Visitor: 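Take a look at this one; I'll ask things after.
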Amino acid sequence: MPAPIPGIHHITAIASDAQQNVDFYAGVLGLRLVKQTVNFDDPGTYHLYFGDGKGNPGTILTFFPWSHIQRGRRGTGQATAVAFSVPAESFGFWIERLTRHSVEYDKPQRRFDEPVLSFRDWDGLALELIGVTGAENKPAWEANGVSAKEAIRGFHTVTLCEDGMERTAELLTNTMGAKKAKEDGSYFRFTLGEGTDASNVDLHCTPEFLAGVVAAGSVHHVAWRVPTDAAQVEWQTKVREAGLNVTPVLDRQYFKSIYFREPGGVLFEIATDLPGFARDEPENALGQVLKLPPWLEKHRAEIEGELPKLHHPNLVGDRER
């Protein structure tokens, strides 16, 4: 048996403007920009990584900001919501902050008996804050007016929208080792590993929805974590034995990756925890300059000439958007 998958490694989405993306996630949400690099398959596009202070797996939301791309459409065959853990008493702070920065949000509700604040980024990506008792005791990245009392502590859940959940549920439980935890209406929660941080996946069964269109404001893929290269190769074999097409191992510099589509159509990745984001710059300087893989360094001048210039979020004084 391969080493268990403990939960989410990272989630990658699509944005339409790189600077706007930095201002929202590092500025409004107070995440750390832990890496500026490029899409290895399209080096004229940034690949931006946001997370906690060290860029730990389970905290990393990444973006491909393709300028002027059209808006996507939420629907089946997609990851349709990304949920973060925050301290349970922080909702008042977040409602006030989202209002001040003209961020659309919904009235707080409860799902699985947890408080949920749903909102959207400036490209329309569906995000959620889930109040977690005890989250305030975990390490926090403090920046841009977000203190440790309110800061995001990494992922809580990713929601997959499916027109039928049975085959995806079978993959999660029989192949990936998840356990079905509970139901709430059309939501079905599964937990990976020990069921702790960044370990939840909710299947939202919506046969009445149209198929989603992945573009700006959409999740591109969901990556699950494994501890080692050897474990990843074992998972590659197990996924193949489950009857799914899976890619060769690809070197993403900060982790290695394999990709496959789950039966409902969502693109999954299995990524290694190591080597991590401090392999090419010190932890205290993460995300401050553009980092390129060795095979692209000879093209640095051309790449930098094509990419828009970025500055760290201009929201230190809570600048209005």
Side-chain angles (χ1 to χ4, degrees), residues 1-12 57-58 60 75-83 85 111-114 130 154-209 211-212 214 219-250 255-273:
M1 276 291 291
I5 294 173
I8 300 167
H9 183 282
H10 68 271
I11 297 172
T12 295
I60 300 296
T76 59
Q78 280 187 331
T80 50
V82 176
S85 296
R111 189 186 315 134
F112 295 115
D113 202 32
E114 297 169 318
I130 298 184
F155 294 126
H156 184 284
T157 303
V158 62
T159 298
L160 311 183
C161 185
E162 308 280 5
D163 59 6
M165 57 165 282
E166 288 77 12
R167 290 186 302 154
T168 301
E170 182 179 5
L171 173 72
L172 290 172
T173 54
N174 294 351
T175 301
M176 296 176 63
K179 299 179 179 64
K180 185 177 179 183
K182 40 194 166 182
E183 301 179 18
D184 189 341
S186 58
Y187 287 85
F188 301 82
R189 175 160 292 175
F190 295 79
T191 60
L192 287 152
E194 299 299 318
T196 53
D197 298 336
S199 64
N200 298 314
V201 52
D202 288 352
L203 300 187
H204 188 199
C205 192
T206 56
E208 71 279 12
F209 283 16
V214 174
V219 170
H220 185 272
H221 64 266
V222 179
W224 312 100
R225 60 185 292 202
V226 291
T228 65
D229 292 359
Q232 184 181 65
V233 172
E234 291 177 330
W235 276 106
Q236 184 184 43
T237 299
K238 189 165 186 178
V239 169
R240 189 178 294 121
E241 289 173 347
L244 299 174
N245 294 323
V246 60
T247 68
V249 174
L250 301 173
F255 45 87
K256 291 182 179 176
S257 303
I258 58 173
Y259 300 87
F260 61 96
R261 289 198 182 272
E262 56 87 19
V266 181
L267 182 60
F268 278 3
E269 174 183 352
I270 295 178
T272 57
D273 283 353

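Note that the structure is a prediction, hence the values are computed from the model and not measured.
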Visitor: Does atom CZ of Arg240 have more than 12 heavy-atom neighbours from other groups under 6.0 Å away?
Guide: yes
Visitor: As a quick check of understanding, evaluate side chain to side chain contact (heavy atoms under 4.5 Å, CB included) for Tyr259 and Val246, giving each step before the final call.
Guide: CA-CA 6 Å; Tyr259 300 87; Val246 60; over 6 Å; no
Visitor: Would you indicate whether the side-chain heavy atoms of Ile11 and Val158 approach each other to under 4.5 Å?
Guide: yes
Visitor: If you compare all heavy atoms of Ile8 against all heavy atoms of Asn200, which two are closest, and at what distance to 0.1 Å?
Guide: CD1-O, 4.2 Å
Visitor: May I ask you to check whether His10 and Glu269 show a side-chain donor-acceptor distance below 3.5 Å?
Guide: yes
Visitor: Between Thr272 and Gln232, do the side chains contain an N or O donor and an N or O acceptor separated by less than 3.5 Å?
Guide: no
Visitor: Any heavy-atom pair between the side chains of Phe188 and Asp202 that's under 4.5 Å?
Guide: no
Visitor: Would you please say whether a donor-acceptor pair under 3.5 Å links the side chains of His221 and Thr12?
Guide: yes
Visitor: Within 45 degrees of the ring normal and closer than 6.0 Å to the centroid, is that where the cationic atom of Arg111 sits relative to Tyr187?
Guide: yes
Visitor: To the closest 0.5 Å, what do you measure between NZ (Lys182) and OG1 (Thr191)?
Guide: 9.0 Å
Visitor: Which atoms form the tightest heavy-atom contact between Ala3 and Trp235, and what is the distance?
Guide: O-NE1, 2.8 Å
Visitor: Counting C-beta onward and ignoring hydrogens, is there a side-chain heavy-atom pair between His9 and Asp273 closer than 4.5 Å?
Guide: yes
Visitor: Tell me the closest heavy-atom pair linking Asn245 and Phe260, and the distance in Å.
Guide: O-CB, 3.1 Å
Visitor: What are the two closest heavy atoms between Glu162 and Thr76, and how far apart are they?
Guide: C-CG2, 3.9 Å
Visitor: Specify the closest pair of heavy atoms between Pro263 and Leu171, including all atoms of both residues, with the distance to one decimal.
Guide: CD-CD2, 3.8 Å
Visitor: Shortest non-hydrogen contact from Cys161 to Thr80?
Guide: CB-CG2, 3.5 Å
Visitor: Does Phe268 reach the side chain of Leu160, with side-chain heavy atoms less than 4.5 Å apart?
Guide: yes
Visitor: Taking the side chain as every heavy atom from C-beta outward, state whether Leu203 and Thr168 have any atom pair closer than 4.5 Å.
Guide: yes
